[in-house]
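Reading through the structure tokens given below for one structure.
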Amino acid sequence: MRRTCSVRLLIVGVFVTAAISLCLGFLTGTRQNWELYEQRIALLKQQNETLLTQQKEQEEEQELAAESLNMVEPYQYVLIAEDGYVAVYQADGKTFFSSTDIQLSKLPEDLQEEILNGKYITSEEQLYNFLENYSS
């Protein structure tokens, strides 16, 4: 009976030792995995912050580009002096659009200089306003 008790105690001791060893091994492995997990999280946070900063910079650059594009209106017409009169050409300065009866000499000096250099008009409405204001 004593031997059976000793054998039983030995078997129980082996099982308890094995269980404790398994638990300790599991906890050690889990702790190492947890540290790796925390390192990965820190690295991902850093990468995320870098990407957000880059995205903000790109958005600011796009906004600046959009603002600069909005500031420049495309020209549709150009006023040019021809034989002492004002002539209207398309924005390319080569395609004739219309002649006028506006004499260059009767315009204010600053406007005469603009027309001699080529006065650009952005819209048809602006062109007709000019023609209406300076026609006789």
Side-chain angles (χ1 to χ4, degrees):
M1 173 100 165
R2 249 177 181 222
R3 271 186 165 187
T4 356
C5 246
S6 297
V7 171
R8 285 183 188 163
L9 281 175
L10 179 64
I11 291 174
V12 169
V14 168
F15 279 119
V16 169
T17 305
I20 290 173
S21 296
L22 286 172
C23 288
L24 287 175
F26 177 76
L27 291 175
T28 304
T30 303
R31 183 175 176 165
Q32 289 174 351
N33 286 340
W34 186 257
E35 289 173 356
L36 288 173
Y37 175 75
E38 287 178 339
Q39 289 174 354
R40 287 181 188 155
I41 292 294
L43 180 63
L44 288 173
K45 282 182 181 180
Q46 183 181 7
Q47 290 174 344
N48 191 32
E49 289 173 4
T50 304
L51 289 173
L52 286 174
T53 303
Q54 290 174 350
Q55 183 180 6
K56 285 180 184 179
E57 290 172 356
Q58 288 175 351
E59 287 174 355
E60 289 173 0
E61 289 175 5
Q62 288 175 349
E63 287 176 9
L64 289 174
E67 287 176 9
S68 66
L69 288 175
N70 288 339
M71 293 171 62
V72 178
E73 292 183 42
Y75 297 116
Q76 290 186 356
Y77 305 101
V78 61
L79 303 178
I80 298 175
E82 274 188 357
D83 300 324
Y85 288 90
V86 177
V88 182
Y89 282 81
Q90 296 289 336
D92 62 5
K94 297 176 183 174
T95 309
F96 181 76
F97 181 74
S98 174
S99 60
T100 69
D101 61 347
I102 302 171
Q103 292 182 358
L104 190 63
S105 60
K106 293 190 177 181
L107 296 173
E109 285 185 28
D110 58 335
L111 188 56
Q112 286 181 28
E113 193 169 323
E114 275 186 78
I115 292 173
L116 288 171
N117 294 326
K119 178 174 176 56
Y120 288 95
I121 306 291
T122 57
S123 67
E124 196 169 302
E125 181 181 345
Q126 187 181 6
L127 173 65
Y128 288 122
N129 285 339
F130 174 85
L131 295 174
E132 186 177 296
N133 286 334
Y134 292 104
S135 292
S136 357

| task | Using a cut-off of 6.0 Å, state whether more than 12 heavy atoms not belonging to Glu38 lie near its atom CD. | result | yes
| Is the CD atom of Glu59 crowded by more than 12 outside heavy atoms at less than 6.0 Å? | yes
| Gap separating the NZ atom of Lys45 from the CD atom of Gln47, nearest 0.5 angstrom | 13.5 Å
| Can you tell me how far CD of Gln112 sits from CD of Gln103, rounded to the nearest 0.5 angstrom? | 10.5 Å
| query | Are Leu36 and Leu44 linked, directly or through other ILVMFWY residues, by side chains that come within less than 4.5 angstrom of each other? | reply | no
| message | Could you tell me if the side chain of Leu104 sits less than 4.5 Å from the side chain of Leu116, heavy atoms only? | response | yes
| query | Can you tell me if CD on Glu109 sees more than 12 non-hydrogen neighbours from other groups inside 6.0 Å? | reply | no
| If we only count heavy atoms from C-beta on, is the Ile80 to Ile115 side-chain gap below 4.5 Å? | no
| Exercise: identify the closest heavy-atom pair between Gln76 and Ser123 | OE1-CA, 3.7 Å
| Close aromatic pair by centroid cut-off 6.0 Å: Tyr89 and Phe96 | yes
| task | To the nearest 0.5 angstrom, please state how far the CD atom of Gln90 sits from the OG atom of Ser98. | result | 10.5 Å
| CD of Glu113: more than 12 outside heavy atoms within 6.0 angstrom? | no
| Heavy atoms of other groups near Gln46 CD, more than 12 under 6.0 Å | no
| Is the number of heavy atoms from other residues, nucleotides or ligands under 6.0 Å of Asp83 CG greater than 12? | no
| Neighbour count above 12 (heavy atom, 6.0 Å) for Tyr85 OH | no
| field | Euclidean distance, Leu79 CG relative to Ile121 CD1, rounded to 0.5 Å | value | 4.5 Å
| message | If you define the side chain from C-beta out and look only at heavy atoms, does anything of Tyr134 sit under 4.5 Å from Lys106? | response | no
| field | Separation between CG of Leu43 and CZ of Arg40, rounded to the nearest 0.5 Å | value | 10.0 Å
| field | From Phe130 atom CZ to Leu111 atom CG, the distance as rounded to the nearest 0.5 Å | value | 5.0 Å
